[in-house]
Structures are given as structure tokens and as C-alpha cells.
Amino acid sequence: MTQPPSGEPRIPSDAVIRWDARAYDGEAWGPWSSDGGAGLCEVVLDSVRPGAPAVGSVRYPDDGVWHPGGEAGVFTFSAADGDSDVVRFRYTFFGETSKSVAAGADGTASVSWTPKSSGRFRVEVESFDAAQNVSGRTVYEFLVS
């Protein structure tokens with residue numbers, strides 16, 4: 001992001017910027033964009049990255065213990081404490097193509113995954129907020145026998 005010259009005011013993160021506009025075609029002015037109850041145009045500046053998400057699974061916990069495989073495990077992704085604007089998670093299981101899942105209103109999402117063999121596995125997860133700022137990556141490792 002381009003920074004203003006030193007000494008210039010900066011727009012603080014989470015500032016709400018509102019405006020109203022209308023067009024002029026050289027002969028007449030059109031209506032204001034807020035006419036008819038539409039309200040002002042609005043954008044929120046959000047330059048703060050969310051924290052790395054928490055990951056958990058009852059079936060395949062990240063505890064250093066070998067767990068029997070062959071069954072699907074549910075993996076839950078949770079927004080970091082205080083991150084109320086996380087809208088989705090991007091995740092990758094052990095070398096597979098990355099996928100995305102929408103976060104619920106509570107900042108969590110769950111996915112099901114079945115290991116195809118025994119071994120050491122991991123899922124890597126990142127959070128995205130409404131402004132598409134991305135978090136750091138959480139690596140969740142688990143063992144399947």
C-alpha cells in the first residue's frame with residue numbers, strides 16, 4: 001500500500017468513508033446517488049490482517065499420537081480471538097489442491113476429510129476477512145495408523 005508523505009494525515013483503519021455523487025451531462029444534473037432512500041455510498045478501510053486461525057478435530061487431533069484411519073474426520077477452523085470479520089478460510093490437506101469454505105456468523109467452518117493411507121498428515125489453513133486481508137498460515141499435523 002502506498003503511504004502518504006511524512007506529516008500528511010492518514011486514514012485510520014476501520015474508518016468509514018461516505019460520499020454522495022451525481023452526474024452532469026453538460027446540460028443537466030442527475031439525481032444524487034442517495035436519492036430515493038438508497039443512502040450514501042460507503043467504504044470501510046481495513047488494512048489489518050486477521051490472526052492465524054485455530055484448527056481442531058476430535059477424530060484426528062494434533063496430539064502426536066497415532067489414530068486409526070479409514071474414517072472421515074471433521075476439521076473445524078475458527079477465527080482468531082477478536083477477529084469478528086473473518087468471512088472465509090482457505091485450506092489444503094497434505095499436498096492436495098487448496099479449497100475455500102465460507103465462515104459462519106460465529107467465525108467458524110467445518111470440513112470433512114478422509115485419509116487415503118496411514119502416515120503423517122497436515123492441513124494448512126488461512127483466514128480471510130471481508131477486505132480480503134489474509135492471515136498467517138496455521139499448520140495442523142496429525143498421525144494416522
Going from [atom1] on [X] to [atom2] on [Y], what distance comes out if it is rounded to the nearest 0.5 angstrom?
{"X": "His67", "Y": "Ser57", "atom1": "NE2", "atom2": "OG", "value": "8.5 Å"}
{"X": "Glu96", "Y": "Glu124", "atom1": "CD", "atom2": "CD", "value": "12.0 Å"}
{"X": "Ser84", "Y": "Asp106", "atom1": "OG", "atom2": "CG", "value": "12.0 Å"}

Of all residues at least two apart in sequence or in a different chain, which pass the ring pair (Phe, Tyr, Trp, His ring centres under 6.0 Å) check with Trp19?
->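 Counting only residues at least two positions away or on another chain, Trp19 forms no ring pair (Phe, Tyr, Trp, His ring centres under 6.0 Å).
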Across all chains, not counting sequence neighbours, the side-chain hydrogen bond (donor to acceptor under 3.5 Å, both in side chains) partners of Arg18 are Glu42
Considering all heavy atoms of both residues, which atom of Arg49 and which atom of Gly136 are nearest to each other, and what is their separation?
->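 Heavy atoms of Arg49 and Gly136 come nearest at NH2-N, 3.4 Å.
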Please report the shortest heavy-atom distance between Ser33 and Cys41, naming the atom on each side.
->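 Minimum heavy-atom separation between Ser33 and Cys41: OG-SG, 3.8 Å.
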Donor-acceptor contact below 3.5 Å, side chain [X] vs main chain [Y]:
{"X": "Ser127", "Y": "Ala52", "value": "no"}
{"X": "Asn133", "Y": "Asp46", "value": "yes"}
{"X": "Asp20", "Y": "Leu40", "value": "no"}
{"X": "Ser135", "Y": "Pro50", "value": "no"}

Check the pair Arg59 / Glu71 against side-chain contact (heavy atoms from CB on, under 4.5 Å), numbers first and verdict last.
-> CA-CA 9 Å; Arg59 179 83 181 104; Glu71 294 182 29; 3.5 Å; yes
Check which hydrophobic residues are tied to [X] through side-chain heavy-atom contacts below 4.5 Å, counting indirect links as well, and list them.
{"X": "Val139", "value": "none"}
{"X": "Leu143", "value": "Trp66"}
{"X": "Phe93", "value": "Val55, Tyr60, Phe75, Phe77, Val86, Phe89, Tyr91, Phe94, Val101, Val111, Trp113, Phe121, Val123, Val125, Tyr140, Phe142, Val144"}

Does a side-chain heavy-atom distance below 4.5 Å link Arg22 with Asp35?
-> no
Any side-chain donor paired with an acceptor under 3.5 Å for Ser110 and Thr76?
-> yes
Does atom CG of Asp63 have more than 12 heavy-atom neighbours from other groups under 6.0 Å away?
->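 Enclosed: over 12 neighbouring heavy atoms sit under 6.0 Å from CG of Asp63.
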Crowded around Arg122 CZ? As in, over 12 foreign heavy atoms under 6.0 Å?
-> no
Can you sort out the partners of Arg88 under salt bridge (Lys or Arg N to Asp or Glu O under 4.0 Å), two or more places apart, ordered by chain and number?
-> none
